[in-house]
Structures are given as C-alpha cells and as structure tokens.
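Everything on this sheet refers to the single structure shown next.
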Amino acid sequence: MTQPLPTSLADKSLAFDPVMAKKDFPVFSEVKPYGQDLVYLDNAASTQKPKIVLDTLNAAYRDSYANVHRGLHYLANKATIAFEDAREKVQKFIGAEDKSEIIWTAGATDGFNMIADSLGADLKAGDEIILSIAEHHSNIVPWHFLRERKGCVIKWLDIDAKGDISLAQLEELITDKTKIISITHMSNILGTINPIQDIAKMIADKDIYLVVDGAQGAVHLPVNVVDLGVDFYVATGHKLYGPTGIGFAYGRKEHLEAMRPYRGGGEMIDQVSRDNVTYGAPPNRFEAGTPQIIQAIGLGAAVDYIMAFGQERLFAHEQELVRYCHQKMTEIGDIEIYGTSDHKGGVVSFNLKGVHPHDVATYIDRKGVAIRAGHHCGQQLMTELGVPATSRASFALYNTCEDIDHLIDALSRAKAFFEVS
C-alpha cells in the first residue's frame with residue numbers, strides 16, 4: 001500500500017520550495033561525500049528516491065507480498081490491487097485513456113525493444129525508419145536490429161547549432177516507404193524539447209507510427225499522450241524518483257491489440273494446447289512471467305509524489321535552474337555549452353576548455369558535486385558536436401540555485417587547477 005504523502009505537499013497553492021522537497025530525500029541528510037554536503041546533479045542518469053518511495057517498497061515486501069493476479073488468497077489479492085493501482089496511476093500521469101494501454105517494462109530500453117520487435121514483424125526490406133541524430137542508444141540500437149535482420153533503412157534527422165530539429169527537413173525525409181518515426185521528447189544530452197505534437201499533426205493522415213522516448217520528457221515535462229498524438233511513449237522508473245528495473249510503454253489500444261507479443265510464457269496467454277497458442281489481451285499479452293511487482297508499486301508511489309507537486313510547477317522550477325546555470329557558466333568563461341534551444345529542459349551539457357570531461361567530473365566530485373561525464377549513450381551526437389564526450393549537469397525537483405553555485409565554484413577551482421587560460 002502506498003504510504004501517506006508528506007504534509008508539505010498538501011497545498012498546491014503554495015510556491016514550490018525545493019529546500020523543503022530536499023528534506024523528503026534521506027540521502028541528502030545521511031550521505032556526506034568527503035565530509036561535505038552532497039550536491040547531486042546527475043539526475044538525467046538516475047534520480048534519488050524520496051522517503052515515500054523507500055517506505056512503500058519496504059511495506060510492500062513486508063506486509064503485502066505475493067504473486068499477482070491468479071492467486072485467490074488474501075496476500076495475492078492485496079498485492080494485485082496495489083500492482084494494478086500503480087498501473088492506473090501511470091495512466092493518469094501521462095493522460096492515457098485506458099490503463100490497459102500501459103505495459104510494464106524493465107525500463108525505457110526494454111520498451112523500445114518490445115515495440116521495435118513487435119512492429120518489426122510487419123516490416124520488410126526497404127521500409128524506412130526516421131530517427132534524430134540526438135537519440136539515446138536505446139532508441140537507436142533496436143532499430144538497427146531491424147536494419148540488420150530485415151533490411152530496413154534508417155534515415156537521420158539533423159539538428160541545428162542550438163540543438164533543434166527542422167520540421168522542414170523531416171517533411172523531406174518522409175516518403176511512402178516511411179513506417180516509423182522514433183524520436184526523443186527531450187534530449188538527455190542537449191536538453192532540447194522536440195515539437196512532438198507538430199510531428200504528430202504532420203503525419204496524421206499517413207500510415208506512420210510515432211514512437212517517443214519519454215525517459216527525460218516524463219520526468220521534466222507535463223505529458224498527455226492523447227494531446228501529443230503519439231502512438232507509443234516509453235519511460236523508465238529510476239529517472240522518475242522510482243526504483244530501478246521498472247518502466248512503462250504506452251501504446252494506443254488499437255495498436256497493442258494488433259501487435260504480436262515480444263516474449264512468451266505465463267500470464268500473457270489465453271489458451272495453450274499441443275498444437276496451438278492464443279494470446280491474452282493487452283496489457284497481459286506483453287507481460288510474460290512474474291512481473292516487477294514491488295518495483296511497479298514503488299513507481300506508483302513516485303508518480304503520486306510528483307503529481308502532488310504538479311508537473312507544471314516542477315517544470316517552471318527546472319527552467320529557472322537552467323537559466324541560472326547558463327548565466328553562471330557564461331560568467332566564469334572558458335566553458336562551452338552544448339544545447340541552447342529556446343525549448344530546453346533541465347539538462348546542461350558542457351566542456352571546460354582544454355580539459356577532458358572525465359578529469360572535470362573527477363575533480364569536482366572531491367568538492368562534493370556529482371555530475372556525469374562521457375558520451376551519455378549518444379556517440380553519434382558526440383561525433384556531430386566534434387567532441388569525444390561532455391560533462392553534464394542535470395536537475396531534479398530537489399536542486400536549488402545554491403547547488404548550482406557549488407557547481408560553479410567547483411568548476412572555477414577546476415579551471416585554476418588545470419591552468420585553463
């Protein structure tokens with residue numbers, strides 16, 4: 001059963017206070033890296049977990065654990081109710097019309113593999129898939145499988161100097177062989193928010209599936225899949241203040257009912273005989289075997305927590321952090337920022353002139369500041385940017401302008417230490 005929400009979230013009319021929100025996360029009071037307060041700016045990789053999620057996970061294991069659905073005893077019924085309640089919470093969180101449109105997955109990567117495998121059953125050599133150059137590897141490699149195995153063609157949508165895509169170029173790329181457009185809602189490297197609704201309108205009268213990577217979008221943006229007009233939307237729990245090993249894939253009901261299963265086993269069947277097998281209705285059809293019961297319940301608690309604040313308020317807070325971070329980085333100089341779109345979420349990728357990102361991240365870690373350095377599962381974008389890697393600061397609801405001040409101070413010290421001029 002989900003734990004009661006913190007009383008600090010009871011009144012949405014109050015201004016959002018990240019300092020109060022930070023108190024909901026035990027890590028910030030209990031972990032002191034190198035004897036300093038933790039400044040955690042690696043949220044695009046994974047977020048910290050609020051006490052409500054930790055308590056929900058513990059209670060689910062302790063008080064209501066059993067396998068779900070087919071059991072008839074008390075614990076099985078209790079677990080099933082909590083498990084399916086979590087699905088309904090996700091449905092409401094993203095504005096889906098029916099909870100059967102929410103498929104539990106192991107994460108966004110698993111969701112992409114499920115969708116690509118199922119849609120790929122009907123593709124043939126020469127069919128085209130359009131991706132942007134700024135996609136995460138999880139939204140690239142499963143489509144390469146179809147290129148390798150079925151002869152599908154991948155076409156690439158470029159970005160401009162700010163990190164924006166061109167709808168005009170997309171229109172030029174679309175042909176009568178285009179079957180799928182798969183694109184991120186918000187870039188995990190550039191922070192760019194793509195115009196998903198405009199893309200959906202562009203292809204509304206075409207037989208093209210629109211698949212959207214919401215691993216960042218679902219965290220940082222208000223999402224309504226019906227208003228966006230998407231066919232599929234995938235996200236992952238551990239970036240949503242929830243557990244690892246759980247995510248979801250939204251699919252329009254008519255698509256899911258027509259798609260073949262990705263995995264076979266228990267739960268996903270209707271009838272099994274010596275000579276035949278028939279599949280269950282969605283979502284069961286795509287959830288073979290014992291599901292991630294406790295993780296799904298924990299994700300439900302995380303969704304409750306986010307929705308209690310209101311996604312619009314969280315988005316506005318993170319917009320302020322991005323503006324402040326850009327300003328402060330510009331002031332200290334010798335920092336190149338990648339991704340300066342006017343439509344940008346809570347991610348800032350950058351490099352300190354002449355210093356490898358790994359060295360920057362290692363140095364500022366000793367100052368208690370956690371960022372990420374590397375290609376961020378976006379090697380093709382790094383090639384486009386002409387760099388091997390970037391440093392990346394990414395924000396969450398518990399981050400403050402003071403956290404950014406700590407980052408800037410650490411970067412200034414790194415600049416002096418590495419004798420950047």
Side-chain angles (χ1 to χ4, degrees), residues 67-70 79-123 129 138-139 141-143 145-146 149-150 179-180 182 209-215 218 223 225-226 230-238 240 242-272 276-300 303:
N67 214 328
V68 293
H69 295 145
R70 293 173 300 280
T80 297
I81 290 170
F83 179 74
E84 290 301 331
D85 279 351
R87 194 191 307 272
E88 189 170 344
K89 290 173 184 179
V90 170
Q91 172 210 339
K92 293 176 180 177
F93 179 61
I94 63 167
E97 292 183 331
D98 193 289
K99 75 173 189 176
S100 69
E101 297 177 314
I102 306 301
I103 310 298
W104 293 126
T105 68
T109 298
D110 188 37
F112 279 119
N113 278 274
M114 179 198 82
I115 294 166
D117 184 86
S118 296
L119 294 184
D122 296 324
L123 298 186
I129 301 162
S138 64
N139 192 25
V141 178
W143 307 113
F145 287 170
L146 298 182
R149 299 167 187 174
K150 306 204 73 170
K179 304 301 178 185
I180 296 167
S182 194
Y209 293 109
L210 178 55
V211 183
V212 176
D213 176 1
V223 174
V225 291
V226 175
V230 303
D231 295 294
F232 298 93
Y233 194 96
V234 302
T236 195
H238 70 93
L240 277 164
T244 56
I246 187 69
F248 63 86
Y250 157 82
R252 289 190 186 181
K253 192 171 185 178
E254 63 268 27
H255 299 332
L256 295 177
E257 289 173 343
M259 286 164 55
R260 74 171 194 179
Y262 172 43
R263 296 189 179 97
E267 182 71 16
M268 51 74 65
I269 54 86
D270 178 27
Q271 297 291 326
V272 176
N276 190 38
V277 58
T278 56
Y279 308 126
N284 293 19
R285 177 181 301 182
F286 301 99
E287 296 179 4
T290 298
Q292 304 95 317
I293 301 166
I294 305 301
Q295 293 92 330
I297 294 170
L299 178 54
V303 165

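Hydrogens, waters and symmetry mates play no part in the numbers below; they use all other heavy atoms, side chains included.
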Can you tell me how far apart [atom1] ([X]) and [atom2] ([Y]) are? Round to the nearest 0.5 Å.
X      : Y      : atom1 : atom2 : result
Ile246 : Thr236 : CD1   : OG1   : 8.5 Å
Met114 : Met259 : CE    : CE    : 5.0 Å
Asp98  : Arg87  : CG    : CZ    : 10.5 Å
His69  : Thr290 : NE2   : OG1   : 11.0 Å
Thr80  : Ile293 : OG1   : CD1   : 7.5 Å
Tyr279 : Phe286 : OH    : CZ    : 10.5 Å

Could you report the tightest heavy-atom contact between [X] and [Y], atom names first, then the distance?
X      : Y      : value
Gly214 : Ala235 : O-CB, 3.7 Å
Pro243 : Gly298 : CD-C, 3.8 Å
Ala249 : Val234 : CB-CG1, 3.9 Å
Ala86  : Ala296 : CB-O, 3.2 Å
Pro282 : Ser100 : O-CB, 3.6 Å
Ser182 : Asn139 : OG-OD1, 2.6 Å

Taking the side chain as everything from C-beta on, heavy atoms only, tell me whether [X] gets closer than 4.5 Å to [Y].
X      : Y      : result
Thr244 : Gln295 : no
Ile180 : Trp143 : yes
Pro291 : Glu267 : no
Phe145 : Asn113 : yes
Leu240 : Phe248 : yes
Ile94  : Ile102 : yes

Without swapping roles, check the side chain of [X] against the backbone of [Y] for a donor-acceptor pair under 3.5 Å.
X      : Y      : value
Thr278 : Gln271 : yes
Asp231 : Val211 : no
Lys179 : Leu123 : no
Arg252 : Val226 : no
Glu287 : Met268 : no

His255 and Glu101: side chain donor to acceptor below 3.5 Å: no
SB check Asp117 Arg260 (cutoff 4.0 Å): yes
Residues Lys253, Glu97: salt bridge by 4.0 Å N-O rule: no
Whether Trp104 and Phe83 hold their rings parallel, tilted or perpendicular, with breakpoints at 30° and 60°: tilted
